[in-house]
Amino acid sequence: MKKYSPLSVFILLICLLSFTQAHSQTKKSKYKKPIEKAKPAAFNPLTDPAYLGCNSKWVDSVFNSLTPDERIAQLIMIPVYSNRDQAHIDSISSLISKYKVGGLIFFQGGPVRQAKMTNRYQQESKVPLMVSIDAEWGLIMRLDSTVRFPYQMSLGGIENEQLIYEMGAEIGRQSRRLGIHVNFAPAVDINNNANNPVIGFRSFGEDKYNVTRKSMAYMKGMQDQRVLANAKHFPGHGDTNVDSHYGLPLINFSRIRLDSVELYPFRELMKNGLGSMMVAHMNIPVLDTTVNLASTLSKPIVTDLLKKEMGFKGLVFTDALNMQGVAKFYPPGVVDVKALLAGNDVLLNTMDVKKTIEEIKKAIQNKEITQEEIDARCRKLLAAKQWVGLDKVQPIETKNLIKDLNNPYAQYLNQQLVEASLTLLRNKNNILPLQNLDTLRVAALAIGTNQRTDFQEELARYTNVDTFFLAPNSSMQELLALKEKLQKYNLVIAGVHKLKLSAGSGNFGITAEMNLFLKDLIQSKPTIVSVFGNVYSLAKIETLEKADGVVAAYQETPVTQDVAAQLIFGGVAAKGKLPVTVSSAFKVEDGLKTQSTTRFAYTYPEAVGLKSEDMAGIDSLIAQAMQEQATPGAQVLIAKEGKVIYNKSFGYHTYTKEQPVKNTDVYDLASLTKVTATMAAFMKLNGEGKFDVNKTLGTYLPTMEGSNKANLTYKDILTHQAQLQAWIPFWKETVRKNGSFKWRTFKADSSRRFPVKVANNLYMHRKYAAKIYEQIKESPLNEKPGYVYSDLSFILAPLVVENITGQSFEAYLQENFYKPLGAATLTFNPYKKYSLSQIVPTELDTAFRKQLLHGTVNDEGAAMLGGVSGHAGLFGNANDVAKLMQVYLQDGTYGKHQFIKSGTVPEFSRCPFCEQGNHRALGFDRASKPGTEKGNAAKSAPIESYGHSGFTGTYTWVDPVNKLVYVFLSNRVHPSREVNKLSQLNTRTKVLQVVYDAIEKSKAN
């Protein structure tokens, strides 16, 4: 009978126990994978037989094929860069082929380049290579063209750790997609030293319990995707003022302190299945008294403490062996063998493979380490390779790699993480979220830069803001000039930008000039400050705690700036807590909460249960329309449940393709004016008891008395069944037979008698508008009753509103809707407010105005009324139109402001005469052919939905059933109104149908 050694029996028992544990877990993990179904239990490599190498034929086979030198080489992981030249690429191949190294750690480069290199190296390697990377905040930490997740300090302020688990899982999925098996994350260092130059923002915070919870979630997320997590930097690098990249930190703590603080998260992660560990370069006398010896090279720390006392069974990696914490004391090869003798399993960043193997062989000969110990670590590494799937290694598919790594779910998850982390530290008198926008004159001040910031851009989505800049080292004269410019504003929203990430870098970039100006600003007027940088920088901003609002954004990215703007205006709620103590004013766990208001949030389809990929059909439809020259460009916005999930601009202002369309550009809304101007006024007045649809035109417009229109009821007028003519070509009455304008109609220059601008170099007589109203009054009614769409009553609407309110039509709308909505672009005659580069031109008018219409209204009648009418004349962008549509969807409210009395919009938007064959609501359009593809509404639009279309190629629709708002803006009349391919293609309604199809798909899933 064969005899077994006690050690063999012990190993066999461990394997059997591990196998039993791995297959007896029936309790489901509290963490669940996003999108995919959750596994029965979280993966735990330390209870997984594959990881331990128990009874593994693959491990045995590979191990037995290796020479002693090759077993040593398996423990070596060499640095690789995908942004270097061919010589570097070939040199790595040489090391793999010649020495059979066990793994690679990738540094700077790009995903496709890295994938191609990995494929080459895996093909050249005798044993599949373990590929690793430092990706604490995602692959972007090393690779371009990938998603940037928040720094760990940001994540430390999040209360919902499920989000961090999901981030870990997503980073795990992305790693596997790129052929990566180990991510050197999370950093579990407890950052209890604000001057820490190397950890700082890389830590989850100063509280050991919070750090542990966050680290645990991150670890489990990655390891559930079979990517090894790596806790670093053992035994804790959080309380040091030396960067081990450049020197050797000295840690003079007691053992009691280390046990109770620094080692706590490492122990807890070990208990829960941590797969690997990284040992830091620190000198810790309480654990090893050897002078200038880094913990990485210390047997009392790696072997005695970590492996024996703490019982860690996973892979132990060194920190990079080319860092000065060790490299300044020992040359390449020597430092590697010392790390191996200390007890490390994997040598990271070996700089001289040949020398390292030679030095380790010397150590074996000198009996400093045995071949059996080398073999055991080699088998351990091979078992880990099997656990991550290297027993079935496959080439990386480079097709769609960038797309897969930047998938919409990851983008949305990133936004969720930022939203959950942003921390509101001051909110004097509940100034946030901002209210009463019509009372605010807002200056958006960028401190630390002279370039327009994303923060300023995103603030402008909510209301009109003027932008200013304060350079870091502004002169006193510049400071005084800026102060003078800000005098007329009653609110300043300041973003602090371009800060340094690490401590010890000149107060993080906060200069004396910045402090001087901001201190005075906070004292002189309401000021909200959002700091986009290391949270410790808050302590360097004098009197910051006295600001009306303070937002800690932790870092500067487009996403943090976007979400900070949303927080300020109430698109999202403030949720985060400080993970560290910054100063006596800002302490750990500080963080105020707000409730998000009913203003728009700007996010992804995933936020409302849809998939971004299911919205791709919108882009295709617009591309088709532009290709067939149905329109040179467009804006499309879709909001669901108060969240803008699609907001995109396409193409150009004209077919010359000189000016791309931007989301901030303004379009001629044409007949959308009826629902964005006239109906807004009428519904508000109705809710106040000042306008009744059962009363007549003559009641509200006495000048119509005695005409055939005096007794027309507004219920019939607004549903277009009052027998009014469709339209009147007013301009034709001004033209002689020879084509010239009649006297007392138009002149090329403005004057007291001809003040009304109709177009460039075309001004109308000041009294001619009266003739237009008279023409409407005297016009005959249609002989037959029934539905006929007519502009005439809407042309008269401004007069009705003025008679009721005593205000001009435009002033009434601005005061009661556009200003309090923050809908700054909703305006008549946009040339008065905006440069032509922001205004999309319409048609080349060859009949009346003989010019390209740019900045003035396309509709002839509205133009002759000075650009202000109730049927056309309003301009705006999709974002601002959507705000008003959201008011309608929410029964008259938006941003905690009641614009229209509750119950009014539903009454006006219903169809009172549908049974008689008239599909119109009161002023609104309804589906003329419900359920058909060729109607005026999307095929799947519910019967309760409503909206309007415009002659210039505009469209908006409100669906109260699915809580949808849709806006489509284009200039399809460019260069000629005669081309109407946009309607022939049915682009506007088909775009909305894409959304309904996406909703149906989400229900099926």
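Computed from a predicted model, the values in this text were never measured in an experiment. Heads up: numbering here begins at 1 and tracks the sequence.
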Donor-acceptor pair, side chain of Asn879 and main chain of Arg461, under 3.5 angstrom: yes
Euclidean distance, Ile140 CD1 relative to Arg148 CZ, rounded to 0.5 Å: 5.5 Å
Glu262/Arg257 ion pair, N-O < 4.0 Å: yes
Within the 6.0 Å centroid threshold, strictly below: Phe468 and Tyr489: yes
Ion pair Lys883/Asp880, N-O distance below 4.0 Å: yes
Any donor-acceptor pair under 3.5 Å from Thr511 side chain to Pro472 backbone: yes
Nearest non-hydrogen partners of Leu163 and Leu413, listed with the distance: O-CD1, 4.0 Å
Asn877 side chain to Gln635 backbone, donor-acceptor under 3.5 Å: no
Salt-bridge contact Lys232-Asp134 (side-chain N to carboxylate O under 4.0 Å): yes
Flag, side chain of Glu545 to backbone of Phe586, donor-acceptor distance under 3.5 Å: no
Side chain to side chain donor-acceptor pair (under 3.5 Å) partners of Asn534, counting only residues at least two apart: none
Euclidean distance, Thr467 OG1 relative to Arg452 CZ, rounded to 0.5 Å: 4.5 Å
Minimum side-chain heavy-atom gap Phe149-Glu170 below 4.5 Å: yes
Criterion side-chain contact (heavy atoms from CB on, under 4.5 Å) on Asn406 and Gln411, from CA distance to verdict: CA-CA 7 Å; Asn406 290 274; Gln411 303 282 3; 3.9 Å; yes
Taking every non-hydrogen atom, the tightest pair across His237 and Val198: CE1-CG1, 3.6 Å
Flag, side chain of Gln898 to backbone of Ile900, donor-acceptor distance under 3.5 Å: yes
Salt bridge present between Glu159 and Lys593 (N-O < 4.0 angstrom): yes
Output field: ring centroids Phe569/Tyr602 closer than 6.0 Å: no
Closest non-hydrogen atom pair between Pro150 and Val418, with its separation: CG-CG2, 3.9 Å
Residue list, salt bridge (charged side-chain N to carboxylate O under 4.0 Å, His left out) with Asp144, at least two apart or on another chain: Arg113
Between Asp891 and Ser902: side-chain donor-acceptor atoms closer than 3.5 Å: yes
Ring centres under 6.0 angstrom apart (Tyr409, Tyr604): no
Heavy-atom closest pair, residues Leu155 and Phe204: CB-CE2, 3.8 Å
Of Gln415, Gln566, Glu419, Gln416, the residue whose pairing with Thr603 passes side chain to side chain donor-acceptor pair (under 3.5 Å): Gln415
Any donor-acceptor pair under 3.5 Å from Ser203 side chain to Gly205 backbone: yes
Salt bridge Glu688-Lys684, side-chain N to carboxylate O under 4.0 Å: yes
Lys214: partners by salt bridge (charged side-chain N to carboxylate O under 4.0 Å, His left out), with sequence neighbours left out: Glu161
Criterion side-chain hydrogen bond (donor to acceptor under 3.5 Å, both in side chains) on Gln555 and Ser154, from CA distance to verdict: CA-CA 8 Å; Gln555 61 197 91; Ser154 308; 2.9 Å; yes
Lys540 side-chain N/O to Asn515 backbone N/O, donor-acceptor pair under 3.5 Å: no
Steps toward side-chain contact (heavy atoms from CB on, under 4.5 Å) verdict (Leu269, Thr212): CA-CA 7 Å; Leu269 265 63; Thr212 301; 4.3 Å; yes
Residue pair Ser649, Asn663: steps toward the side-chain hydrogen bond (donor to acceptor under 3.5 Å, both in side chains) verdict: CA-CA 6 Å; Ser649 291; Asn663 287 354; 2.6 Å; yes
Flag, side chain of Asp520 to backbone of Phe517, donor-acceptor distance under 3.5 Å: no
Heavy-atom side-chain contact between Leu470 and Leu482 under 4.5 Å: yes
